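Comments concern the structure below.
Naming convention: chains lettered A, B, ... in sequence-line order (proteins, then strands); numbering from 1 in each chain. Fair warning: this is a prediction, and the values are worked out from it, not measured in the lab.
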Protein chains: 4
Amino acid sequence: MAGQGRRGRGTPEERADVIAAAALSEFAEKGFAAARIDDIARRAGISKGTVYLYFDSKELLFEEVIRRYIVPRIERATGAGEGKSLTAEATLRIIIRQFYREIVGSDLRYIMRLLIAEGGRFPHLLRFYHAEVISRGMKAVTETLRRGVDSGEFRSSAIVEFPHVIAAPAVLAMLWKLLFDDFQPLDLERLAEAHTDIILNGLRSRREDVQPGAGA
Amino acid sequence: MAGQGRRGRGTPEERADVIAAAALSEFAEKGFAAARIDDIARRAGISKGTVYLYFDSKELLFEEVIRRYIVPRIERATGAGEGKSLTAEATLRIIIRQFYREIVGSDLRYIMRLLIAEGGRFPHLLRFYHAEVISRGMKAVTETLRRGVDSGEFRSSAIVEFPHVIAAPAVLAMLWKLLFDDFQPLDLERLAEAHTDIILNGLRSRREDVQPGAGA
Amino acid sequence: MAGQGRRGRGTPEERADVIAAAALSEFAEKGFAAARIDDIARRAGISKGTVYLYFDSKELLFEEVIRRYIVPRIERATGAGEGKSLTAEATLRIIIRQFYREIVGSDLRYIMRLLIAEGGRFPHLLRFYHAEVISRGMKAVTETLRRGVDSGEFRSSAIVEFPHVIAAPAVLAMLWKLLFDDFQPLDLERLAEAHTDIILNGLRSRREDVQPGAGA
Amino acid sequence: MAGQGRRGRGTPEERADVIAAAALSEFAEKGFAAARIDDIARRAGISKGTVYLYFDSKELLFEEVIRRYIVPRIERATGAGEGKSLTAEATLRIIIRQFYREIVGSDLRYIMRLLIAEGGRFPHLLRFYHAEVISRGMKAVTETLRRGVDSGEFRSSAIVEFPHVIAAPAVLAMLWKLLFDDFQPLDLERLAEAHTDIILNGLRSRREDVQPGAGA
DNA sequence: AATGAATGAGACTTCATTCAT
DNA sequence: AATGAATGAAGTCTCATTCAT
């Protein structure tokens, strides 16, 4: 009763998943060049040759893996506060919290590291990531900011054009975890609070509107 | 007629500098594993063997290069608004501007990328970078924040313990330049303004003090 | 149709044997440092990389090869005149003859040369050779000498403690074959006779016992 | 008043001597291939380039060194018991003692090792060594043996044609010192006695002449 | 004559990829 | 479909030799 493609440890797609997962671990740990196909195979519990039945080359395996692990995250990360009728501030709080939860604290940070490290050699991946993850996320933030400005919650400022800034502390936290956490650990919970605090405080309207004047 | 030890294109130290510069370029472009000693040599205008007269191995060359390019930056970057009697806000503005100028806009961002990419294999470099660059920078920011709080310029908040947040948008800008600038260029000048604007606005004291901690 | 693991030119063990044999030839001909893995591979009819599937490094290949060629010789060489009830003299004659046959005339002399040449860098091999070959051989000779003295066949002399001397002419013959045979060939048969003759004549008891110790 | 060729540390010949001595040590310790010109130069207290002012290549340096250190030994070693009117036995005793003293116990054994190890690649050296050292030594022994047979001191035997056998234990002792002395030290003095004892005993005439008969 | 920096051929070793079984 | 032995290109590092000073 076992379908056509079956054999041993699952369907072909399941097989490919196992390989991709093993590959992700190896790439994340060692980087593209230093990861060995042999180790990926061993980790996946198969032989080296089998890897090539599912992926044509190390480069394609790498690209496939990145793509495969980015997409599902997007689904979860976006559409956080969607559809609910919340204040702009409440929406932003949710987005930021989601960001820490889904990306900074998860193993997606290893994918981020891979993109930073190997992006130069895989520009399509960067483009893909930019289009599928970054742009979407930024759009969500921008819309919320605009809504807040329109409703009078937020003061009007250039920040609307630079939603990057809103997410920046979370990205930094991600890097910190990767690089310096061994030397000086970072309390993500409290950082997230300080982050939310200062950003929202910076956004809120006040009576007297400040003139920025970033001049020397 | 010029001193001892000369030959060809300069003193031994100049020669080492040339090699280090070439190595930095190659490492920055390709990463540690993919950079080839041969290419570094060619770029430095010397032969493969000569590299080994100045650096004992590829690993040591890498470490040496990173260190060599971090140290001089520190000198310049530290002591930004030192010694002058400025308001805390003015000092922060100067620090942030300096940050964009010295790090985000300079080739130090390639060093950062290398550290992110290869840090796992060179933990001493991470420790070194943390001690020499990050810690110092954070101390300068922390002190200024504290001064602002003491003088009443800034409201009191957890941010004093998380100076990371202050610098975060600049770090993000650096990453953006490395990764996505080709797809969606970033106007550093205006980003810096938006950054300064929101951060300082977020820090300033107001009449009604905000209650933070909108946590989970 | 033949078992598992087959491929090309035989079982893995046969393959390792072929490589070891090729390596022995190359090492014997050129010495450790001057032998090239590439040549060993070519001689074995395989590619360079394959050598490393069977032996982890040039050094280990060398050690393994030496060991591999010493052990089987031991089996054959020891137990020469064992178990038979012969006079001590007859036993010695057999041992000496065996010695010429198994060592001097065989390719074990190339192993000896390698040990002499490279022993400094491979002390474990020297220790191994001493323990497995030299010690055993010397014990066999010593026992026979002692038996001869006890039975009155041989006169009592310091030679019992220096069985080296008994074997010395054969060792010399081995060296000669390696070094000078091209210039002045050595007739092994007749040398062996002269050797046996003088040694046994030197050992035999006579009426008047000689006073040794003509020392300095 | 310093001649023409003088400078710094001695005449050119003295310089060459220093280099040759350093080279001998390095070659003896490491073998031809593993010895580095740089180390030889350092040991000689000069720079690498200078070696090439005195010797055209590593190979020629090696050959020169061997030759240079063999010749003076010959002068001393040969002509041991020459010219004196001694019995054949007394002459042999002197020759054997001289052999142990000049060769086995001296650093000439390192030269011997070099010849054994590298002889294959330097056949002229082997030929030279054979002609200048071995042949002469063997001639001296042969003549003494013949004298002893003629005078009735020694019994007539095939040994006259195999003077190698007479020297063999000393050669073996030399090898032993090189290879196994660390594991099982050899008392040269007592070995020399046992050697002399058995050889001379084997040579001496007796009443009943033995028939060798090396048969099965 | 002496130096020692520079060269570049050459050797070991790794590993992505292929392919016979 | 799966295996894993085999391949060989490529990369790091060494060191004999050269040569400008």
Side-chain angles (χ1 to χ4, degrees), chain A residues 4-9 12 15 33-42 45-59 61, chain B residues 1-2 4-9 11-12 15 33-41 45-59 61, chain C residues 1-2 4-9 11-12 15 33-41 45-59 61, chain D residues 4-9 12 15 33-42 45-59 61:
Chain A
Q4 346 83 289
R6 295 286 173 101
R7 162 78 179 286
R9 279 147 299 208
R15 223 14 134 54
R36 285 155 62 235
I37 296 283
D38 225 345
D39 289 341
I40 292 170
R42 193 166 12 253
I46 57 170
S47 81
K48 190 160 42 162
T50 304
V51 174
Y52 283 86
L53 294 177
Y54 292 87
F55 302 92
D56 284 340
S57 73
K58 192 186 180 186
E59 290 215 347
L61 171 58
Chain B
M1 205 139 295
Q4 5 70 293
R6 293 282 172 104
R7 166 75 178 285
R9 276 147 300 205
T11 68
R15 200 41 98 72
R36 285 158 58 233
I37 294 284
D38 230 346
D39 289 341
I40 292 170
I46 56 173
S47 81
K48 197 174 21 170
T50 303
V51 173
Y52 285 89
L53 293 178
Y54 292 88
F55 302 93
D56 284 340
S57 73
K58 193 185 180 184
E59 286 214 350
L61 172 58
Chain C
M1 203 136 297
Q4 5 71 294
R6 291 282 173 111
R7 166 76 178 285
R9 277 149 296 210
T11 68
R15 198 42 93 77
R36 283 157 58 235
I37 294 285
D38 228 345
D39 290 340
I40 292 170
I46 57 174
S47 81
K48 200 171 21 168
T50 303
V51 174
Y52 286 88
L53 294 178
Y54 293 88
F55 302 93
D56 283 340
S57 72
K58 192 185 179 185
E59 285 213 352
L61 172 58
Chain D
Q4 345 80 291
R6 298 287 174 99
R7 163 76 179 287
R9 276 149 301 206
R15 220 19 133 51
R36 286 156 63 235
I37 295 284
D38 226 346
D39 289 341
I40 292 171
R42 196 171 5 258
I46 57 171
S47 80
K48 189 162 42 161
T50 305
V51 173
Y52 284 85
L53 295 176
Y54 292 88
F55 302 93
D56 284 341
S57 75
K58 193 184 180 186
E59 289 216 347
L61 172 58

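Rounded to whole Å, the distance from CZ on C:Phe55 to P on F:dA5 is 14 Å. Counting to the nearest Å, the P atom of F:dA10 and the CG atom of B:Asp38 are 12 Å from each other. When the C1' atom of E:dT14 is taken as reference, atom NZ of A:Lys58 falls 11 Å away, rounded to whole Å. Atom CZ in A:Arg36 sits about 7 Å away from atom P in E:dA16, given to the nearest Å. When the P atom of E:dT3 is taken as reference, atom CZ of D:Arg42 falls 13 Å away, rounded to whole Å. The interatomic distance linking D:Asp56 (CG) with F:dT17 (P) rounds to 10 Å, in whole Å. Between A:Leu53 atom CG and F:dT3 atom P the separation is 9 Å, expressed in whole Å. Rounded to a whole Å, the CD1 atom of C:Ile37 is 18 Å from the P atom of E:dG10.
For A:Ser47, the listed nucleotide lying nearest its side chain is F:dG4; candidates were F:dT12, F:dG4, E:dA16.
With a cut-off of 3.5 Å on both pairing distances, the Watson-Crick or G-U wobble partner of E:dA20 is F:dT3. Searching all strands for a Watson-Crick or G-U wobble partner of E:dC15 with both distances below 3.5 Å returns F:dG8.
A donor and an acceptor atom sit less than 3.5 Å apart, one in the side chain of C:Lys48 and one in the base of E:dT13.
Put simply, the side chain of B:Leu53 does not reach to within 4.5 Å of the side chain of B:Arg15, judged on heavy atoms.
The minimum heavy-atom distance linking B:Ala33 with A:Ala33 is given by the pair CB-CB, 3.4 Å.
With values rounded to the nearest 0.5 angstrom, A:Lys48 atom NZ is found 10.0 Å from A:Asp39 atom CG. From D:Tyr54, atom OH reaches atom CD1 of D:Ile46 across 7.5 Å, with rounding to the nearest 0.5 Å.
Regarding contacts with the backbone of E:dA5, every side-chain N or O of B:Tyr54 stays at 4.0 angstrom or more from both OP1 and OP2. The phosphate of E:dA1 (OP1 or OP2) has no side-chain N or O of D:Arg15 nearer than 4.0 angstrom. Look at B:Thr50 and you'll find a side-chain N or O under 4.0 angstrom from OP1 or OP2 of E:dT7. Within the structure, every side-chain polar atom (N or O) of D:Tyr52 is placed at least 4.0 Å from both OP1 and OP2 of F:dC19.
Backbone-only engagement by D:Ala35 is indicated by non-hydrogen atom pairs under 4.0 Å involving sugar-phosphate atoms exclusively.
Summarising the local packing, CG of A:Asp38 is surrounded by more than 12 heavy atoms from other residues, nucleotides or ligands at distances under 6.0 Å.
Comparing B:Glu59 and C:Gly49 along DNA chain F, the residue whose closest nucleotide (by nearest heavy atom) sits nearer the 5' end is C:Gly49.
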